[in-house]
Asker: 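First the structure, then my questions, so here it is.
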Amino acid sequence: MTKINKNFSNLGENYLFAEIARRVNEFKVKNPGRELIRLGIGDVTLPLAPVVVEAMKKGCDELGVKETFKGYPDYEGYLFLREAVAGYYKRFGVKIGTEEIFISDGAKSDAGNIVDLFAPDNRVLVTDPVYPVYVDTNILSGREIVYADSNEDNGFAAMPGQTPPPDLIYLCSPNNPTGTAYTFGQLKAWVDYALENKAVILYDAAYEAFIEDEGKYPRSIFAVDGARRCAIEFASLSKTAGFTGTRCGYTVIPLELEADGMRLRDLWYRRQSTKFNGVSYPVQCAAAAVFSDEGLSQIRENIAYYKENAAIISGTVKRLGWEYTGGVNSPYIWFKCPGNTGSWEFFDTLLNSAGVVGTPGEGFGKNGKGWFRFTAFGSREATASAMNLLDNLYRSDTVRQK
Ligand code: MLT
């Protein structure tokens with residue numbers, strides 16, 4: 001008789017963004033023709049950069065010619081792309097070998113699949129609020145999860161010191177959902193803690209391209225001394241270069257990183273070659289083009305556009321007198337719902353009164369209760385109209401309070 005993984009019963013009914021999609025679809029059925037503005041899931045809206053599209057087309061053309069046709073790609077990704085990624089890291093002063101880089105279909109898959117490397121009895125630490133993938137994938141594999149609070153008291157930057165210490169530590173900087181980023185000093189404290197306790201840090205750098213002050217906030221955990229002995233880094237072209245639909249990311253595992261006497265880089269190669277057949281050639285060509293001088297300059301324009309959206313959102317939230325974080329080194333603005341409203345209650349109010357979709361903070365953990373997240377990845381028009389609607393809905397409250 002087939003038995004299912006009983007850990008499924010320990011998950012919430014839906015993945016957070018699937019739950020939001022379900023509620024929005026229900027709303028659409030009840031309100032046909034009603035226009036919605038979506039600032040919920042962090043999905044990009046600008047097209048791929050021209051140099052990236054050209055490279056992808058060229059890759060397709062090569063597949064249509066006998067002499068340049070390619071079958072299965074290398075499990076770890078084509079060398080030309082791994083060299084491009086290594087060159088990208090070099091630009092912000094981090095030396096990574098091509099044999100330490102693994103190309104994949106995105107950071108979400110890698111952050112979820114990495115759990116295959118670790119025994120079920122590892123204790124896992126996540127910061128709360130947290131990107132739900134880290135939690136759900138560990139629930140599915142039956143691991144104990146402990147939470148480090150990120151809240152108003154610590155500026156939404158949880159710090160180490162938990163006892164007993166965890167074996168695995170998930171960090172995300174710039175953070176999803178709070179938009180805060182760890183400074184060099186804060187990240188060094190986590191690295192020291194991990195080294196002291198022989199723990200591995202699983203570091204999600206999916207939003208590194210949004211960091212403005214590189215002197216203060218590292219773009220990679222490997223810019224911090226000691227991290228090569230305790231960290232794995234996930235990164236992605238989804239938010240950096242608009243690849244949410246195109247799919248390409250990479251994971252970096254330093255050669256010297258070991259646990260239980262095993263080299264984690266080798267285990268990951270073994271895992272990937274067993275379960276994953278790589279990213280298609282045209283997509284890898286497109287990804288390599290992102291890291292060219294021209295590609296980087298074109299994607300910077302898109303990032304600047306999203307940052308202007310972020311400034312419009314944070315400007316509105318600030319005018320309304322609501323506490324907020326993020327929006328500078330991050331595409332997310334995380335703010336306190338007005339008048340002690342609950343996150344899901346605020347979600348419903350916004351949806352019903354303004355047709356605006358956001359993400360309830362509570363969906364990211366207990367410290368998200370009463371908080372809310374907007375993404376800056378919408379179009380300028382959508383972002384500006386959503387903020388006008390918000391202003392109209394709540395300005396009178398603000399004036400009354402004064
Ligand atoms: C988010 O909105 O948090 C992200 O887009 C989700 C993801 O990257 O999977």
Side-chain angles (χ1 to χ4, degrees), residues 11-12 14-24 36-46 104-115 126-140 150 156 170-181 202-210 233-251 287 302-303 306-307 309-310 313 325-327 329-335 343-344 347 350-351 356-365 367-368 371-379 382-383 386:
L11 289 176
N14 284 319
Y15 179 63
L16 172 62
F17 294 103
E19 175 58 21
I20 292 171
R22 189 192 66 75
R23 290 184 186 221
V24 169
L36 289 182
I37 302 179
R38 292 165 191 271
L39 304 182
I41 192 164
D43 198 3
V44 292
T45 49
L46 289 174
S104 73
D105 67 339
K108 179 182 182 180
S109 319
D110 285 358
N113 293 330
I114 201 79
V115 297
V126 299
T127 60
D128 173 342
V130 59
Y131 178 43
V133 170
Y134 317 147
V135 173
D136 288 0
T137 52
N138 279 292
I139 289 180
L140 279 177
S150 293
F156 285 100
Y170 284 84
L171 298 177
C172 176
S173 180
N175 187 266
N176 180 11
T178 67
T180 51
L202 302 169
Y203 189 77
D204 189 343
Y207 300 95
E208 55 78 21
F210 287 79
E233 179 160 294
F234 310 106
S236 156
L237 295 174
S238 286
K239 314 297 157 83
T240 304
F243 273 51
T244 53
T246 307
R247 310 302 312 149
C248 194
Y250 46 93
T251 285
N302 290 4
I303 290 174
Y306 293 134
K307 283 190 168 212
N309 283 350
I313 299 172
T325 58
N329 295 299
S330 153
Y332 295 126
I333 294 87
W334 175 251
F335 60 93
S343 311
W344 282 107
F347 173 88
L350 270 193
L351 183 60
V356 174
V357 182
T359 308
E362 202 173 329
F364 297 101
N367 289 316
W371 289 73
F372 207 77
R373 192 196 80 175
F374 276 141
T375 150
F377 287 122
S379 70
T383 305

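Order of listing sets the numbers, starting from 1, for every ligand and every atom in it.
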Asker: The criterion is side-chain hydrogen bond (donor to acceptor under 3.5 Å, both in side chains); which residues satisfy it with D136, sequence neighbours excluded?
Answerer: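 Expected list: none.
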Asker: What protein heavy atom is closest to atom 8 (O) of ligand 1, reported as residue, atom name and distance in Å?
Answerer: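 For this ligand atom, the closest protein heavy atom is K239 NZ, 3.2 Å.
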Asker: Can you find an N/O atom of R373 closer than 3.5 Å to an N/O atom of ligand 1?
Answerer: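 Yes, R373 has an N/O under 3.5 Å of an N/O on ligand 1.
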Asker: Within the 4.0 Å heavy-atom shell around N176, which atoms of ligand 1 are there?
Answerer: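 Every atom of ligand 1 under 4.0 Å from some heavy atom of N176: 1 (C), 3 (O).
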Asker: Of the protein's non-hydrogen atoms, which lies at the shortest distance from atom 7 (C) of ligand 1, and what is that distance?
Answerer: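 Checking every protein heavy atom, the shortest distance to atom 7 (C) of ligand 1 gives Y131 OH, 3.1 Å.
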Asker: Is a side-chain N or O of S343 found less than 3.5 angstrom from the main chain of G368, in a donor-acceptor match?
Answerer: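 Here the side-chain-to-backbone pair exists.
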Asker: Angle between ring planes, F374 versus F335, binned at 30° and 60°: parallel, tilted or perpendicular?
Answerer: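 Tilted, since the angle between the ring planes falls between 30° and 60°.
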Asker: Could you work out, with ring pair (Phe, Tyr, Trp, His ring centres under 6.0 Å) as the rule, every residue matching Y250, not counting sequence neighbours?
Answerer: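 Y250 satisfies ring pair (Phe, Tyr, Trp, His ring centres under 6.0 Å) with no residue once adjacent residues are dropped.
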Asker: Would you say G42 has any N or O atom under 3.5 Å from an N or O of ligand 1, going by distance alone?
Answerer: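 Yes, G42 has an N/O under 3.5 Å of an N/O on ligand 1.
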Asker: My understanding is that only one of F347, Y332, F156, W344 makes a ring-ring contact (aromatic ring centres under 6.0 Å, His included) with W371; could you say which?
Answerer: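 Among F347, Y332, F156, W344, the one that satisfies the ring-ring contact (aromatic ring centres under 6.0 Å, His included) with W371 is F156.
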Asker: State, with a plain yes or no, whether a side-chain heavy atom of L351 is found less than 4.5 Å away from one of V357.
Answerer: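 A side-chain contact exists here, since the closest heavy-atom pair is under 4.5 Å.
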Asker: Atoms of ligand 1 less than 4.0 Å from I41 heavy atoms?
Answerer: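 Listed by number with element: 2 (O), 5 (O).
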Asker: What atoms in ligand 1 come closer than 4.0 Å to a heavy atom of K108?
Answerer: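 Per the distance check, 9 (O).
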Asker: Of F364, Y15, Y332, which has the heavy atom at the shortest distance from atom 1 (C) of ligand 1?
Answerer: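 Closest candidate by heavy-atom distance is Y332.
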